There are 2 protein chains.
Amino acid sequence: MHKFSMLDQEQIKKAKLAPAPPPPEEFDPRLEAFVNELIGRVADKWTMVILDVLAEQGEMRFTRLWEMVEGISQKMLTKTVRQMERDGLLTRTVHPVVPPKVEYKLTEAGLSLSAAFCGVWLWAAEHQEQVEEARRKFDESLGKV
Amino acid sequence: MHKFSMLDQEQIKKAKLAPAPPPPEEFDPRLEAFVNELIGRVADKWTMVILDVLAEQGEMRFTRLWEMVEGISQKMLTKTVRQMERDGLLTRTVHPVVPPKVEYKLTEAGLSLSAAFCGVWLWAAEHQEQVEEARRKFDESLGKV
DNA sequence: TGCTATACTTACCCAAAGGATAGTGTAAAA
DNA sequence: TTTTACACTATCCTTTGGGTAAGTATAGCA
């Protein structure tokens, strides 16, 4: 996604901009890029749901978590919690017993991210009907053409 | 994603739960499902960036928007704004002139969603270093095994 | 006469996401 | 002795994401 990895399309875009791109106000392109990458990683459906479940229910074992997250496959659950662990959003505690026991718990960072997503959940709940209505209208206006 | 479309895995999961699943507190499964679907649609990388750009810069034409959204292809931009239009997040005003002129502008719903995402952007900016550090540690601890 | 700008659409293609299914290891319960 | 629980892996296979390139329509400019 780096500038120099872009091919024709991107170069055309850049070339169109004025000769010397003056650095706008306050703006760190590295932070910008990182934030974008992080958002892409974190604003993922399963990540958001897992964050939500763990924030509400606290520490939890794998199978319980699997039951709580509607519709996820084992594979995706494993993969998603691993990513979250890597990003420091949760801790994964393996108890060396048999049968295995692994507990998942949000870190401070995970808890604060889940709090940050709160507004989005609220928005979705509040705008449910409005969105359904908008879709209905849009789809039927397509039919008329 | 409906309950009855689930196959073995899901049935196994359900069967494990106690005989009569008592309806917990306040909880509408239809709302829950819709919110999940909507989150999945809206918590998309490009949607979030476009929301951000339009919220900051106001109304904008296609090419300008394309310049502002780093790294997106024409195809994805078209597709994403169409979805957003369908969901009622933005309006697409076509001026019947030549060369074509199309303006994109957030609706109230779009603006409020972008506001809801504000916390997430902040979180990402604030936790950048922490996340990088966590990844570094995680990756090197893998190397030791 | 031909080029340019704009906002697309269409066709083609590859890579990644993600679902289903089966397998693993081990201790304790039946 | 077989079964079960748990937390995964591994494999296969289909769907989706997403990039590139080329095409479209037309007024105005050179």
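Proteins get letters first, then strands, A, B, ... in listed order; numbering begins at 1 in each. These numbers come from a predicted model, not from an experiment.
- Rounded to an integer number of Å, the gap from NE2 of A:His95 to C1' of C:dA27 is 18 Å.
- In this structure, A:Leu65 atom CG and D:dA7 atom P are separated by 10 Å, rounded to whole Å.
- If you measure from atom CZ of A:Arg64 to atom P of D:dC8, you get 17 Å, rounded to the nearest angstrom.
- Checked options B:Leu77, B:Leu90, B:Thr91; the residue passing with B:Tyr104 is B:Leu90 (criterion: side-chain contact (heavy atoms from CB on, under 4.5 Å)).
- For B:Gln130, there are no side-chain hydrogen bond (donor to acceptor under 3.5 Å, both in side chains) partners at least two apart in sequence or on another chain.
- Listed in residue order, the members of residues 53-60 of chain A having a heavy atom less than 4.0 Å from DNA chain C come to none.
- For the segment residues 79-93 of chain B, residues with any heavy atom less than 4.0 angstrom from an atom of DNA chain C are, sorted by number, B:Arg82, B:Arg92.
- Along DNA chain D, the nucleotide nearest B:Met76 and the nucleotide nearest B:Pro99 are compared for position; the residue whose nucleotide lies closer to the 5' end is B:Met76.
- One atom, NZ of B:Lys101, and another, P of C:dC8, lie 14 Å apart when rounded to the nearest Å.
- Under the 30°/60° scheme for interplanar angles, the aromatic rings of A:Phe117 and B:Phe117 are found to stand perpendicular.
- In this entry the distance linking NZ of B:Lys45 with P of D:dG18 reads 8 Å, nearest Å.
- Across the protein-nucleic acid pair, B:Leu77 atom CG and C:dT9 atom C1' stand 14 Å apart, rounded to whole Å.
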